Amino acid sequence: MSEAKVGIFVDYESPLASRVAGDVWSGLSRAALEAGFTKTTAHWESLREPRIPMEDPPVHVFAIGQDRPDAIDAVGAVGDPGAPHLYGVIVAVPSKPSPLAGSLLYQGVERLTRTGVKAGMVEPALLHAIPAECERYARRLLERLGSP
């Protein structure tokens, strides 16, 4: 059985981040089925709570909302930063993003690379709560992960 596993860390205090994370998860599960995975599972955690040790999935996604930028401080490597993980860093933005949204995204990537994650293993994105946009991002993550 081939299974796609992902850890999703969401700032639940941000309605934007919650909506976008849900749309990305929907896109991931749909794309995984189309790619031939027989099972797709996600371990959801609050970005603002202490992390619970979990089985180490190959993909970790962080969803931060532009409306709650302080949550960026909670982004960090999960498990061994040198392990071959793919990290998604998402800043959820409203229809009219702030000019500072790009800087927030850069900070998230920098927080990961400072802990030893290779920059090439981070897939950053500014995403609106638009299902089609989130699904395109989810497909890109899955393509980088590879086929079952």
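Just so it is clear, the model here is predicted, and its values are computed rather than measured.
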* **Candidate list Leu142, Leu28, Ile8, Val6, test side-chain contact (heavy atoms from CB on, under 4.5 Å), partner Val59, passing option** => Val6
Considering non-hydrogen atoms only, spot the tightest contact between [X] and [Y] and give its length.
| X | Y | answer |
| --- | --- | --- |
| Ala32 | Ala4 | CB-CB, 4.2 Å |
| Pro57 | Gly7 | CG-N, 3.5 Å |
| Ser29 | Thr40 | CA-CG2, 4.1 Å |
| Ala71 | Ile64 | CB-CG2, 4.2 Å |
| Tyr137 | Val89 | OH-N, 3.7 Å |
| Gly65 | Ala17 | N-CB, 3.6 Å |

* Name all residues meeting the side chain to side chain donor-acceptor pair (under 3.5 Å) criterion together with Thr41; count only those two or more places apart in sequence or in a different chain, and write none if there are none. => Glu3
* For Asp67, enumerate each residue passing the side chain to side chain donor-acceptor pair (under 3.5 Å) test, keeping only those at least two apart in sequence or located in another chain. =>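 Listed in chain order: Ser14.
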To the nearest 0.5 Å, how far apart are [atom1] in [X] and [atom2] in [Y]?
| X | Y | atom1 | atom2 | answer |
| --- | --- | --- | --- | --- |
| Phe62 | Ile72 | CZ | CD1 | 9.5 Å |
| Tyr87 | Leu112 | OH | CG | 6.5 Å |
| Lys118 | His85 | NZ | NE2 | 12.5 Å |
| Thr113 | Tyr106 | OG1 | OH | 7.0 Å |
| Leu105 | Leu100 | CG | CG | 12.5 Å |
| Lys39 | Leu33 | NZ | CG | 12.5 Å |

Any heavy-atom pair between the side chains of [Y] and [X] that's under 4.5 Å?
| X | Y | value |
| --- | --- | --- |
| Ile90 | Val61 | yes |
| Gln66 | Pro94 | yes |
| Leu86 | Pro58 | no |
| Trp44 | Trp25 | yes |

* Kindly write out the residues that satisfy salt bridge (charged side-chain N to carboxylate O under 4.0 Å, His left out) with Asp70, not counting sequence neighbours, or none if the list is empty. => Arg48
* Is Leu47 linked to Leu104 within one hydrophobic cluster, defined over Ile, Leu, Val, Met, Phe, Trp and Tyr using a side-chain heavy-atom separation of less than 4.5 Å? -> yes
* Given the rule that I, L, V, M, F, W and Y join up when any side-chain heavy atoms are under 4.5 Å apart, are Phe9 and Val75 in one cluster? -> yes
* **Under 3.5 Å: donor-acceptor pair, side chain of Ser18, backbone of Pro15** =>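 No; judged by distance alone, with no hydrogens or angles, the pair does not exist.
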Cut-off 3.5 Å, no hydrogens considered: what does the side-chain donor-acceptor table look like for residues 119-126, sequence neighbours left out?
| unit_1 | atom_1 | unit_2 | atom_2 | d |
| --- | --- | --- | --- | --- |
| Glu123 | OE1 | Arg144 | NH1 | 2.6 |
| Glu123 | OE2 | Arg140 | NE | 2.7 |

* Quick one: salt bridge (charged side-chain N to carboxylate O under 4.0 Å, His left out) pairs with a partner in residues 19-35, sequence neighbours left out? ->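 The answer is Arg30-Glu135, Glu34-Arg139.
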* Looking at residues at least two apart in the chain, or sitting in another chain, which of them share a side-chain contact (heavy atoms from CB on, under 4.5 Å) with Ile130? ->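 side-chain contact (heavy atoms from CB on, under 4.5 Å) check on Ile130 returns His128, Glu133.
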